[in-house]
Amino acid sequence: MNRRDFILAGAAIGATALLPETPAWAAKRRVRLGLIGTGMRGQVLMRELVRRDDVELVALCDIEPIMLDRALAMVDKAGKPVPKSYGRDGDVHAYRRLLAQRDLDGVIIATPWEWHAPMAIEAMQAKIPVGCEVVAGVSLQDHWDVLAAQQRTGTPYMLLENVCYRRDVMAVLQMVRAGLFGELVHLQGGYQHDLRAVKFNSGDPDQPYGSGVEFGAKGWSEARWRTEHSVRRNGELYPSHGIGPCAMYTGINRGNRFTHINSFASKARGLHEYTVDKSGGSSHPSTRVKFKLGDIVTTTLACENGETILLQHDTSLPRPYSLGFRVQGTHGLWMDLNQSVHIEGRSPAHKWEPFQGYQDQYDHPLWRKYAAEAAGAGHGGMDYFVIHAFVEALKAEAPMPIDIYDALAWSAITPLSEQSIAEGFKTLEFPDFTHGAWKSRKPIFAFDATY
Ligand SMILES: NC(=O)c1ccc[n+]([C@@H]2O[C@H](COP(=O)([O-])OP(=O)(O)OC[C@H]3O[C@@H](n4cnc5c(N)ncnc54)[C@H](O)[C@@H]3O)[C@@H](O)[C@H]2O)c1
């Protein structure tokens with residue numbers, strides 16, 4: 001079975017994730033990748049890509065020449081061959097020319113959210129495996145369209161959700177699998193990150209954070225596109241960093257699934273107050289914008305196996321960063337905010353223990369093996385692992401460890417939470433993107449030190 005037959009076999013049964021064990025013939029030594037979106041995130045991912053000997057970055061695309069030039073300079077500094085580049089002319093569809101380049105083994109998408117679904121769909125139609133930054137799509141229909149393209153073509157798709165590879169998150173995965181928490185009952189996570197200085201700047205490419213109160217066409221980097229989502233939308237806008245680890249702990253899409261969702265949104269005050277304070281009055285146009293996104297959006301998910309999961313989206317108020325994880329079962333719990341654990345019968349009664357001892361004992365084999373390589377990579381090293389996983393799975397032509405179903409279930413939380421809030425905080429049924437396959441699918445994420 002060659003690579004093409006392997007992909008088509010996936011299409012025939014509806015999902016690459018249902019494919020058998022990695023076949024013996026599959027052992028590529030190098031992969032040729034393209035990158036669409038060489039902005040702030042794309043450049044962080046490129047740091048990982050250009051230092052790998054098994055990756056050849058053969059194509060870059062961005063419609064902002066400054067970002068494209070920064071990316072090309074990174075390749076040059078790394079002493080790697082010059083990739084083809086697209087988009088300098090500002091053509092928002094220049095990525096189609098990249099996808100038409102016939103030598104690609106995979107493409108990474110790190111563009112604004114609204115581009116993820118169309119770009120991924122067209123890449124899969126061209127039979128080019130996709131590594132997509134969070135999120136998978138914007139509307140619920142986007143999610144069904146991405147699924148249809150993946151199933152029609154059988155092309156591998158991975159969501160590049162890096163928090164699943166955070167060192168403590170992976171140690172907790174080992175603890176969950178070792179049964180330390182007993183049967184899981186309740187989990188929490190979220191995206192609790194003061195993004196005010198990301199959502200506004202002066203538009204100066206050298207000062208992307210907090211340099212002013214512009215956004216939209218006058219902003220730079222995420223202020224150019226992300227802030228608009230806070231103007232138009234009210235929901236859990238960035239679910240995957242929080243839900244990804246919780247979904248892996250509870251086996252979502254692999255023996256478990258989300259059944260229901262609801263969301264509550266608080267009033268919206270933070271972004272308006274920030275623009276007034278930062279601009280010193282109410283004369284700047286940004287101070288007159290009415291932001292729809294509630295400052296704190298709280299989402300609850302119910303799971304088939306009886307767990308509840310609570311997510312909080314909190315990006316518009318002053319606060320230190322924390323994803324707010326809590327993993328609680330019949331024998332005890334872990335919380336990341338206080339870096340503490342309590343395990344009944346092992347911890348002192350009613351007392352927290354520091355997590356460090358557990359971290360050392362349950363450190364994941366991947367971290368034990370690759371900690372030195374990951375040192376210095378983005379987000380405390382986890383960006384090393386997410387790129388490593390995508391590249392290794394591509395080389396092995398094996399199922400993606402965070403696959404299309406993970407991507408869709410995690411990312412669809414956003415449009416569903418918007419709908420819940422819009423309909424008076426209504427509880428909604430969660431769609432089953434696996435069409436029942438969740439019952440028999442087995443977990444595959446991070447069982448050894450491979451990827
Ligand atoms: N996983 C993480 O930790 C993490 C961190 C930051 C950002 N992200 C995600 O990465 C993505 C990009 O975010 P960012 O911070 O790099 O934003 P950014 O604005 O800095 O970069 C996006 C780039 O996409 C380019 N672009 C826009 N439309 C395009 C098109 N049609 N064709 C080609 N290029 C186009 C822009 O010119 C820009 O350079 C987002 O989805 C974001 O949520 C993930």
Side-chain angles (χ1 to χ4, degrees), residues 34-48 59-72 85-99 107-120 122-123 130-138 142 158-166 169 191 193 195 197-201 203 205-209 215-217 219-230 237-245 313 315 321 323 377-387 389-390 402 407 410-411 414:
L35 172 64
I36 310 176
T38 63
M40 303 299 271
R41 180 61 181 160
Q43 290 167 42
V44 171
L45 295 175
M46 273 185 65
R47 288 210 307 257
E48 300 313 306
L60 300 173
C61 177
D62 201 296
I63 53 170
E64 171 52 66
I66 295 176
M67 294 298 201
L68 201 51
D69 285 339
R70 287 179 183 175
L72 286 165
S85 59
Y86 303 89
R88 193 174 294 282
D89 54 3
D91 173 11
V92 295
H93 293 115
Y95 69 90
R96 290 178 175 160
R97 283 180 269 140
L98 177 146
L99 296 177
V107 64
I108 292 178
I109 298 169
T111 48
W113 300 334
E114 47 272 40
W115 283 103
H116 291 189
M119 288 173 172
E122 290 181 50
V130 171
C132 189
E133 259 303 341
V134 299
V135 301
V138 173
D142 285 346
M158 176 169 168
L159 190 76
L160 300 177
E161 178 39 73
N162 45 355
V163 178
C164 290
Y165 295 94
R166 206 172 87 176
V169 163
Y191 190 59
H193 187 185
L195 289 183
V198 172
K199 291 185 186 181
F200 303 99
N201 53 41
D206 293 322
Q207 297 187 65
Y209 305 120
F215 73 95
W220 177 252
S221 184
E222 296 204 356
R224 198 173 267 182
W225 56 270
R226 188 174 187 150
T227 317
E228 191 59 33
H229 290 271
S230 306
L237 293 191
Y238 213 49
S240 67
H241 291 336
I243 198 63
H313 183 266
T315 62
Y321 178 91
L323 296 187
H379 294 98
M382 61 200 191
D383 290 345
Y384 167 82
F385 289 98
V386 76
I387 288 296
F390 180 59
I402 302 177
W410 304 354
S411 171
T414 301

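Residue numbers count from 1 along this sequence. Atoms within each ligand, like the ligands themselves, are counted from 1 in listed order. What you see is a predicted model, and the numbers here were worked out from it, not measured in a lab.
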Could you establish whether Y238 and ligand 1 come within less than 4.0 Å of each other, counting only heavy atoms on the residue side?
yes

Does even one non-hydrogen atom of H241 get within less than 4.0 Å of ligand 1?
yes

Checking heavy-atom distances from atom 15 (O) of ligand 1 to each of R96, R41, E222, M40, the winner is E222

Which ligand 1 atoms does M67 reach within 4.0 Å, using its non-hydrogen atoms?
20 (O), 39 (O)

If we only count N/O pairs under 3.5 Å, is W113 in contact with ligand 1?
yes

Does any N/O atom on D383 come nearer than 3.5 Å to any N/O atom on ligand 1?
no

Please answer whether the main-chain N or O of L60 pairs with a side-chain N or O of S85 as donor and acceptor at a distance below 3.5 Å.
no

Ligand-residue contact atoms, ligand 1 with A110, heavy atoms, under 4.0 Å
11 (C), 12 (C), 22 (C)

Nearest neighbour in protein (non-hydrogen) for atom 27 (C) of ligand 1
P112 CD, 3.3 Å

To check your reading of the model: name the closest protein heavy atom to atom 3 (O) of ligand 1, its residue, and the distance in Å.
N162 ND2, 2.9 Å

Could you check atom 21 (O) of ligand 1 against the protein and tell me its nearest heavy-atom contact, residue, atom and distance included?
G39 CA, 3.3 Å

If we number the atoms of ligand 1 from 1 as shown, the ones under 4.0 Å from a heavy atom of H116 are 41 (O)

N/O donor-acceptor pair under 3.5 Å between H116 side chain and V135 backbone:
yes

Heavy atom under 4.0 Å from ligand 1: found in M119's side chain, backbone, both, or neither?
side chain

Quick note on ligand 1: atoms under 4.0 Å from a heavy atom of H379 include exactly 3 (O)

If you scan protein heavy atoms around atom 31 (N) of ligand 1, the nearest is V92 O, 3.0 Å

Under 3.5 Å between some N or O of ligand 1 and some N or O of S221?
yes

How close do A389 and Y165 get, heavy atom to heavy atom, and via which atoms?
CB-OH, 3.2 Å

Of all heavy-atom pairs linking A110 and L35, the shortest is CB-CD1, 4.4 Å

Side-chain touch R226/W113, heavy atoms, less than 4.5 angstrom:
yes

Just jot down the ligand 1 atoms closer than 4.0 angstrom to any heavy atom of W225, in number order.
13 (O), 17 (O), 18 (P), 19 (O), 40 (C)

closest protein heavy atom to atom 11 (C) of ligand 1 is T111 O, 3.5 Å

May I ask you to decide if K199's main-chain N or O and T227's side chain share a donor-acceptor pair within less than 3.5 Å?
yes

Looking at E64, which atoms of ligand 1 are within less than 4.0 Å of one of its heavy atoms?
37 (O)

Could you check I66, I63, D62 and say which one makes a side chain to side chain contact (heavy atoms under 4.5 Å, CB included) with T38?
D62

Apply side-chain hydrogen bond (donor to acceptor under 3.5 Å, both in side chains) to N162 and list each qualifying residue two or more places apart in sequence or on a separate chain.
D383

Which residues share a side-chain contact (heavy atoms from CB on, under 4.5 Å) with P112, sequence neighbours left out:
E114, W115, W225

Could you tell me whether D206 and R70 have a side-chain N and a carboxylate O separated by less than 4.0 Å?
yes

So V44 and R47, do their side chains get closer than 4.5 Å, heavy atoms only?
yes

Min over H193, E133, H93, E161 of heavy-atom distance to atom 1 (N) of ligand 1 lands on E133

Provide the closest heavy-atom pair for P208 versus N201 in the form atom of the first, atom of the second, distance.
O-ND2, 2.9 Å

Do any N/O atoms on G37 end up under 3.5 angstrom from N/O atoms on ligand 1?
no

Looking only at heavy atoms, the pair that brings G137 and S411 closest together is N-OG, 3.6 Å

Among all protein non-hydrogen atoms, which one is nearest to atom 37 (O) of ligand 1, and what is the separation to 0.1 Å?
D62 OD1, 2.6 Å

